[in-house]
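Below is one structure; the comments refer to it alone.
Proteins come first, then strands; the chains are lettered A, B, ... in the order of their sequence lines, and each starts at number 1.
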Amino acid sequence: MIYDFNKIEEKWQKYWADNQTFKAENQSEKPKYYVLDMFPYPSGAGLHVGHPLGYIASDIYARYKRHQGFNVLHPQGYDSFGLPAEQYAIQTGQHPAVTTKENIATYRRQLDQIGFSFDWSREVRTSDPQYYKWTQWIFIQLFNSWYNNDTNKAEDISTLISIFETEGNATVNAVCDDNIAAFTAAEWKGYTSKEQQAILLQYRLTYLAETEVNWCPALGTVLANDEIVNGVSERGGHPVIRKKMTQWSMRISAYAERLLQGLDKVDWTDSLKESQRNWIGKSVGAAVTFKVKDSDAVIDVFTTRPDTIFGVSFMTLAPEHDLVSQLTTPEQKAEVEAYILATAKRSERDRMADVKTISGAFTGAYAEHPFTKEPIPVWIGDYVLAGYGTGAVMSVPCGDERDYAFAKHFNIPIINIFEGVDISEAAFTDKEKTVIGNSDFLNGMNYKKATKRAIFELEKIGQGEGKTNYRLRDAVFSRQRYWGEPFPVYYVDGMPQMIAAEHLPITLPEVEKYLPTETGEPPLGNATVWAWDTTKNEVVSNDLIDNETIHPLELNTMPGWAGSSWYFNRYMDSTNTEEFASKEALNYWKDVDLYIGGSEHATGHLLYSRFWQKFLFDKGVVPVDEFAKKLINQGMILGTSAFVYRFSWMIVSNTDEAFDILDPKMPSFFITKSKFEKMKSGDVEEIKNAKEFFLSTLNEIFPDSDIKLGDEISLQLVPTHVDVSFVNSSDELDIEQFKNWRTDYTNSKFINEDDGTYKVGREVEKMSKSKYNVVNPDDIVSDYGADSLRLYEMFLGPLEQYKPWNTAGITGVHNFLKKLWKLYVDDNGLKVSEAAATKDNLKTLHKTIKKVQEDIENFSFNTSVSTFMIAVNEFTTQKCTSKEVLEPLLVLLSPYAPHIAEELWNQLGNSASISTAAFPEFDASHLVESSKNYPISFNGKMRFTMELPMDMSKDDIEAAVMANEKTQEQLAGRTPKKVIVVPGKIVNIVG
RNA sequence: GCUGAAGUGGUGGAAUUGGUAGACACGUUGGACUUAAAAUCCAAUGUCCAUUAGGACGUACGGGUUCAAGUCCCGUCUUCAGUACCA
């Protein structure tokens, strides 16, 4: 009986689906375990072999946990709002919902055939109105909340209003916009409703604010930084400028400190936590206010080095800073405006990354030093970013490298305030060694003392205070796109109003075109039925807008991260229509025990999700304030691209009329890899051969033309991507397939290796369609089976690492499965016997149990595949047929290769699914060794080994080793200076 | 630029607390079986020197600590990822 993997896999996939083998219950006697994958965006290209990597790892873990007796929740769904579907809609007119549905169907089919143990009854789709109803609901909760610094949590906005009504805003300790004017209770009551709403908006956890965006006028849309290349749009190459726009923002900054502290509670990788810490960017320092000479204006800055305040020799504002136009003197106006225009064209990332180009402009204005009252010139410079801190810095060139470079470049004086330090060549940035000088009351102090004193003095004169700053900026939550969650928001008199929760979901309206409107409004501006009727509580036609009872709806949609910031909670109770999940379900599952996904989400998804979780926790909606206990990042599988090497010379024909360069008979010439490399390095012989081949071939094809070569230098050697499916495991190109690939390759001519094959070059690159290196899991599954695919993906290397895919290697794991099969089944059927296991059988089994269990718990899946191979090799050598060891082996293997394990388990006479079997118990007694093969080293170099009893004493080992003739041979008469004996490990003889 | 990660044979990778570098596979070479091919099985395979015995070198590069370093320390280089509207 042969190993018919296709039949076996289909059979068990059907069995699992029919029996709902992996459906999780929200109540159980068993302990719970929640294994989650970052859900995929269903792209039109379908899955390639890189995508399932993390899913296979989490599936192994989920199946392992079931064997361990846990009630496992292992769901899957789709992050189905996003740009690609919208882009496709713009190009083709296809509704994104239609393409998304098709793409999901493809994904589902592909996922199913890999044999994942997902509980599909809990599937979620972020673009499903029944799902985004709750995303909208969370948005409303955020709108109706403010952050109370005294209680250190989010509270309902009504508590804030009642404070305003009784005390005004002076006593409120809230996270809010800067510079909110103070008002009394009486004033509050006197405000119009609109004025009150405007004030409250400055406190809400989601609010409208002006934010800077990358605006592309030609495309009529906002672009992400990575959609901009060299200052122009990636698509179309249109100019992009920085522009202010009113958008929804999320007050994530309110949670900065808790997001930072919470990292200590979760078991995530250190590198990921470090990224988040860095992103949050806590810095302790001071806020300092500089007065501007001859003006009422003040410049607020934040500095981490208030100790260096006497070193300030200029101020730098971001070119976008509000004060710039006000401060600039008429003489400097032209220069400043030109500079602002130039800056607007640069992306933020450019400005951060490029430290070599120093640019700026003098505004002509002067600030006043808070203590010396000396004038300080005010500059603008694009190294200061508007969105960071206050968008202005006090520049201390002696203590900051960028300030130093700026001062040098513009010949601004550099004041040295450090004792005993030479700053003629570079700034001095070492806080630890700082001794302040030339600084009035700070003289002689170290960094710590001077910082305290400077803050004290600033507070005394009312021009500063100690402050903790976070780099974390509030997150922009509006997108000028179609394919996202609509906001449950309408506008009355320009003020946003929430639609009551019972009327949700507000579903996406139909539009004619998915592009921005001609007036530059977002795509929802094209909708004709997009107004809110406050009496009927439904979406009605725009024509009915009367601004009395019928009002316009919000035209922006929510960003991609909205739906993904809480989906892990929805899986706990995904079909609930009354609540986003029931209390019982939330309290039972609580949080994710293991979360697997890509490290590229480190600061986006993973930070926003933590933010929402903490908010929902404050509101009492979820029981824990961190949603994932443990998180593992899987690496990426890269493609192994294949290259053919095209060569040609410029050709000259003496008989023009008889020869046409566009002649369909005109061939392409390719040279094999090793010869290409010789040619490239200028090998004369190789070039001569290629040239002769080239000429003689052409003259053969065009006998009537007398073809000659042009200039010697005209040799063209071009590596070209070729589809990896045309190449075998030995890098040989299937020339027939290649010729049939494209019409212009049909007549190709090849210079081959000396053995007659054409060998391609290889290079590891990201897997992508354009590089022809995409490998489809469907093909792998049909050729080798899902179990082989699963094993091979794990076998490739450590989960977290980036590693190249090479289909050729899969024969290794496939052969392993065939060998495994043969251990159980031969031509006559099942050959497993009731024979007692031998000592060797038990040793192999228990060695394998130990290693595999350790590996799974350490997420080292690649090494357990090797372990299985070793076990099967050993059992084969031992001619083992004993059920006593072969049955538990199947349970060990089943998380990795579930189909073959189920099949053999079934053939052994078990009627229940192998997923219900208990994981085998490790028994150390089978591994006890009585002797050790000691490596004997001389000066650290291993020369030979000696078999010695495990219980031999140190002295006896030394004596036995010294008595060995090989030892004497190695020593050649010398007396060793020292003999190191580490019992059970090694012997090292020094001398 | 900043932050994070990685660098070991022809290839993917293994190596417990510092203790036999290259497990397990792929590829390559040779052999068995076969009319032949496929499949399967066996053997060799880090590089260099040597007929063998054996030896030298070897974990990106340069130093250091140690009886002993892929592993620890210092410095350098290279590659990849993130960098706030790709998902």
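- The ring-ring contact (aromatic ring centres under 6.0 Å, His included) test with A:Trp483 is passed by exactly one of A:Tyr514, A:Tyr41, A:Phe81: A:Phe81.
- Side-chain contact check for A:Ser253 and A:Tyr470: no donor-acceptor pair (N or O, by modelled atom type) lies under 3.5 Å.
- Ion pair A:Arg277/A:Glu274 flagged as a salt bridge, since at least one NZ, NE, NH1 or NH2 atom sits closer than 4.0 Å to an Asp/Glu carboxylate oxygen.
- Counting any heavy atom pair closer than 4.0 Å across all strands shown, A:Val213 reaches a base atom.
- In the set B:G82, B:A84, B:U17, B:G82 carries the atom at the smallest distance from any side-chain atom of A:Thr603.
- At a threshold of 4.0 angstrom between heavy atoms, the contacts of A:Ile989 with the nucleic acid are absent.
- Ion pair A:Lys851/A:Asp855 flagged as a salt bridge, since at least one NZ, NE, NH1 or NH2 atom sits closer than 4.0 Å to an Asp/Glu carboxylate oxygen.
- If you measure from atom CZ of A:Arg481 to atom P of B:C85, you get 11 Å, rounded to the nearest angstrom.
- Closest-nucleotide positions on RNA chain B for A:Lys978 and A:Ser937 were compared, and the one nearer the 5' end corresponds to A:Ser937.
- B:G58 and B:U71 are spaced 13 Å apart, taking the P atom of each and rounding to whole Å.
- The residue A:Arg762 sits apart from the nucleic acid: no heavy atom pair falls under 4.0 Å.
- Distance CZ (A:Arg943) to C1' (B:A53): 14 Å, rounded to an integer number of Å.
- For A:Pro798 and A:Tyr608, each mapped to the nucleotide of RNA chain B holding its nearest heavy atom, the one lying further toward the 5' end belongs to A:Pro798.
- Partner A:Tyr792 forms a ring-ring contact (aromatic ring centres under 6.0 Å, His included) with one of A:Phe861, A:Tyr784, A:Trp805 and no other, that one being A:Trp805.
- Taking side-chain N and O atoms only, A:Lys818 has a distance below 4.0 Å to OP1 or OP2 of B:U40.
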Strand RNA chain B as a dot-bracket string - pairs counted if Watson-Crick or G-U with both distances under 3.5 Å, | where the partner lies in another strand: (((((((..(((......[....)))((((((.......))))))((((....))))..(((((..]....))))))))))))....

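- For the C1' atom pair drawn from B:G55 and B:A5, the interatomic distance equals 40 Å after rounding to whole Å.
- Here the C1' atom of nucleotide B:U40 and the CG atom of A:Asn873 are 15 Å apart, to the nearest Å.
- Listed nucleotides: B:U40, B:A25, B:C67. Nearest to the side chain of A:Met869: B:A25.
- Closest of all the heavy-atom pairs between A:Tyr107 and A:Tyr78 is CB-CE2, 3.9 Å.
- Of all non-hydrogen atoms in A:Arg402 and A:Asp400, the two that sit nearest each other are N-OD1, 2.9 Å.
- Comparing the C1' positions of B:U51 and B:G63 gives a spacing of 41 Å, expressed to the nearest Å.
- For a distance-only test at 3.5 Å, the side chain of A:Gln247 qualifies as a donor-acceptor partner of the base of B:C85.
- Rounded to whole Å, atom P of B:A25 lies 19 Å from atom CE of A:Met794.
- Taking atom C1' in both B:A50 and B:C57, the straight-line distance is 15 Å, to the nearest Å.
- In this structure, A:Trp805 reaches neither bases nor backbone, as no heavy-atom distance under 4.0 Å exists between it and the strands shown.
- Rounded to a whole Å, the CG atom of A:Leu638 is 11 Å from the C1' atom of B:U79.
- At a cut-off of 3.5 Å, with distance as the only test, a side-chain donor of A:Ser860 or A:Thr863 sits close to an acceptor on the other residue.
- Comparing the same atom, C1', in B:C72 and in B:A81 gives a spacing of 27 Å after rounding to whole Å.
- With salt bridges taken as basic N to acidic carboxylate O contacts below 4.0 Å, none links A:Lys954 and A:Glu958.
- A:Asn214 comes within contact range of no nucleotide atom at all, as no heavy-atom separation falls under 4.0 Å.
- With B:A87, B:G13, B:U20 as the choices, the nucleotide that has an atom nearest any side-chain atom of A:Asn862 turns out to be B:G13.
- What separates CG of A:Leu607 from C1' of B:G82 is a distance of 13 Å, to the nearest Å.
- Using a 4.0 Å heavy-atom criterion, one finds that A:Gly560 contacts no nucleic acid atom at all.
- A:Lys673 has no carboxylate O lying under 4.0 Å from a charged side-chain N of A:Glu753, or vice versa, which leaves the two without a salt bridge.
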Ring pair (Phe, Tyr, Trp, His ring centres under 6.0 Å) between A:Phe477 and A:Trp561, intermediate numbers included: CA-CA 9 Å; A:Phe477 199 68; A:Trp561 55 270; 5.1 Å; yes

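- In B:G75 the O4'-C1'-N dihedral to the base is more than 90° from 0, which defines an anti nucleotide.
- The residue A:Glu800 sits apart from the nucleic acid: no heavy atom pair falls under 4.0 Å.
- Using modelled atom types, one finds a donor on one side chain and an acceptor on the other under 3.5 Å when comparing A:Trp248 with A:Glu554.
- Closest approach of A:Arg351 to A:Val384, counting heavy atoms only: NH2-O, 2.9 Å.
- Look at CG on A:Leu799: it is 13 Å from P on B:G13, rounded to the nearest Å.
- Separating the C1' atom of B:A44 from that of B:A56 is a span of 22 Å, rounded to the nearest Å.
- Across all strands shown, A:Arg277 has no heavy atoms under 4.0 Å from either base or sugar-phosphate atoms.
- A:Val982 comes within 4.0 angstrom of a base, heavy atoms only.
- For the P atoms, the distance from B:G4 to B:U76 is 15 Å, rounded to whole Å.
- Contact annotation: A:Asn988 does not reach the phosphate of B:G19 (side-chain N/O to OP1 or OP2, under 4.0 Å).
- B:A53 sits 41 Å from B:C73 when the P atoms are compared, rounded to a whole Å.
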Heavy-atom protein contacts under 4.0 Å, nucleotides 1-12 of chain B, coded B base, S sugar-phosphate only, - none: B-SSS------B

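- Spacing between atom CG of A:Leu948 and atom P of B:U20 amounts to 16 Å, rounded to whole angstrom units.
- In this structure, A:Thr811 reaches the sugar-phosphate backbone alone: every heavy-atom distance under 4.0 Å involves primed, P, OP1 or OP2 atoms, never a base.
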